[in-house]
Amino acid sequence: MNRLDFLFFSRRDKDKYIPPHVHGCYELVYYLGGSGESTIASRNYAFRSNMFAVISPNVIHEEKHATGGEVLFIGFHSDHEALRGLNGIFEDDSALTILHTMFQMKDEFLEQRPGYGDMLNLLAGRLIIQIQRLIDTDKLPPRSADQLQYVRNYMDEHYRQKIAVETLAQMSGYSYDRFRHLFKEKYGEAPLQYLFAKRIEYAKMLLSETRISISDIALQSGFASDVQFCSMFKRSMGMTAKEYRNSTKWQGAS
């Protein structure tokens with residue numbers, strides 16, 4: 001199923017910087033003019049006129065415009081296998097096929113004639129097929145290793161925040177079960193175990209080097225509650241958080 005989520009134009013001035021952000025849907029950014037650099041899933045790409053970016057759901061991206069230009073954005077949902085985990089910047093063909101379809105979508109969106117919603121969804125499906133044909137996704141190199149590494153890098157940077165394994169699976173471009181299997185196969189432990197291990201290590205640092213209360217350490221380390229933290233800490237370390245702290249330089253600081 002293909003469904004349009006948003007569509008809009010924007011003018012990007014010279015030296016305009018768009019900070020890191022994510023969307024819950026696929027995003028296609030078409031550069032009508034200007035030039036610059038975009039970072040998508042920790043990889044840098046240069047862009048110029050008549051190039052477009054494809055960004056998968058929940059993938060962090062940012063961009064810096066060296067010269068100004070118009071940009072057309074669309075966001076859409078799709079379960080098309082060719083798009084799964086696809087991220088990067090590509091060049092339109094000489095007939096500007098991608099741009100023409102996006103302009104058709106823009107006209108439908110602005111005119112809002114009867115049935116325009118269904119037409120927009122049909123055009124979104126057409127656009128996906130055109131992207132597949134243009135970049136020939138079947139011939140792209142395997143993305144599994146890069147995507148898993150990207151997800152782990154994201155976990156390393158955000159483990160203290162609330163992270164759902166379902167979200168990580170979307171970022172990887174795999175189903176929930178497939179992502180868990182591949183992650184454990186590559187890194188030796190399940191995604192949730194990996195997150196908990198990172199949180200325990202951070203909590204150990206706070207316990208040994210600060211006077212922060214154990215309840216606050218639990219929350220700052222990313223645990224849902226101090227009860228969860230204390231239970232997992234004892235299971236992992238073989239002693240309570242208080243006992244661990246008392247064995248370090250902040251004796252009796254809890």
Inter-residue atom distance [X].[atom1] - [Y].[atom2], 0.5 Å rounding:
X	Y	atom1	atom2	value
M105	L72	CE	CG	9.0 Å
E243	T248	CD	OG1	12.5 Å
S38	R43	OG	CZ	12.5 Å
Q112	L120	CD	CG	8.5 Å
N246	M239	CG	CE	10.5 Å
D118	E108	CG	CD	10.5 Å

Verify whether one side chain among [X] and [Y] offers a donor that lies under 3.5 Å from an acceptor in the other.
X	Y	answer
N58	T167	no
R12	S10	yes
Q149	Y154	no

Answer yes or no: are there more than 12 heavy-atom neighbours, outside [X] itself, under 6.0 Å from its atom [atom1]?
X	atom1	value
R11	CZ	yes
K106	NZ	yes
Y45	OH	yes
M119	CE	no
R152	CZ	yes

Is the shortest side-chain heavy-atom distance between [X] and [Y] below 4.5 Å?
X	Y	answer
L182	Y174	yes
N121	F76	no
R126	Q104	yes
E62	I18	no
Y31	S49	no
I98	L127	yes
E27	F6	yes
F90	F52	yes

Item to complete: Report the C-alpha separation of E91 and R48 in whole Å, then their side-chain angles, then the decisive distance to 0.1 Å, and conclude whether the salt bridge (charged side-chain N to carboxylate O under 4.0 Å, His left out) test is met.
Response: CA-CA 9 Å; E91 188 164 11; R48 61 182 185 275; 3.1 Å; yes
Is the side chain of [X] donor-acceptor paired with the backbone N or O of [Y] at a distance under 3.5 Å, no angle test?
X	Y	answer
Q193	A190	yes
R199	Y159	yes
H158	N153	no
S56	V59	no
H23	G75	no
E185	H181	no
S208	M205	yes
R245	L207	yes

Worksheet item: Taking it one step at a time, do F223 and M232 satisfy side chain to side chain contact (heavy atoms under 4.5 Å, CB included)?
Response: CA-CA 10 Å; F223 290 93; M232 298 205 67; 4.2 Å; yes
Answer yes if [X] and [Y] sit in the same cluster of Ile, Leu, Val, Met, Phe, Trp and Tyr residues linked by side chain heavy atoms under 4.5 Å apart, and no otherwise.
X	Y	result
L96	I129	no
L219	F229	no
L99	L123	yes
V22	F8	yes
Y116	L122	no

Item to complete: Determine, step by step, whether S221 and L206 satisfy the side chain to side chain contact (heavy atoms under 4.5 Å, CB included) criterion, reporting the C-alpha distance in whole Å, the side-chain angles of both residues, the deciding distance to 0.1 Å, and the verdict.
Response: CA-CA 9 Å; S221 301; L206 294 180; 4.1 Å; yes
Practice prompt. Assess whether side chain to side chain contact (heavy atoms under 4.5 Å, CB included) is satisfied between L28 and F73, documenting all intermediate values.
Written response: CA-CA 6 Å; L28 195 156; F73 302 84; over 6 Å; no
Heavy-atom pair with the smallest gap, counting every atom of [X] and [Y]:
X	Y	answer
M237	Y244	CE-CE1, 4.1 Å
H21	P19	ND1-O, 2.9 Å
N2	S78	OD1-OG, 2.7 Å
S225	A218	O-CB, 4.0 Å
C230	I214	SG-CG2, 4.2 Å
F47	E37	CE2-N, 3.3 Å

Worksheet entry | Residues E189, K184: salt bridge by 4.0 Å N-O rule | no
Worksheet item: Hey, are K198 and E201 close enough for a salt bridge, meaning a charged N less than 4.0 Å from a carboxylate O?
Response: no
Item to complete: Under the side chain to side chain donor-acceptor pair (under 3.5 Å) rule, what do Y30 and E70 come out as? Steps first, then yes or no, please.
Response: CA-CA 9 Å; Y30 198 104; E70 300 288 336; over 6 Å; no
Discussion item. Quick check: F183 with Y194 (ring centres under 6.0 Å apart)?
Written reply: yes
Discussion item. Are H65 and Y17, when compared by the centres of their aromatic rings, separated by less than 6.0 Å?
Written reply: no
Worksheet item: Does the pair T39 and E63 meet the rule for a side chain to side chain contact (heavy atoms under 4.5 Å, CB included), with working shown?
Response: CA-CA 6 Å; T39 302; E63 64 182 31; over 6 Å; no
Item to complete: Under the side chain to side chain donor-acceptor pair (under 3.5 Å) rule, what do D5 and Y26 come out as? Steps first, then yes or no, please.
Response: CA-CA 9 Å; D5 193 35; Y26 286 97; over 6 Å; no
Discussion item. Which residue is it: N87, I60, I40? I am looking for the one with a side-chain contact (heavy atoms from CB on, under 4.5 Å) to Y150.
Written reply: I60
Worksheet, complete the sentence: Test side chain to side chain donor-acceptor pair (under 3.5 Å), reference Q130, set T97, T101, D93, D92, output is T101
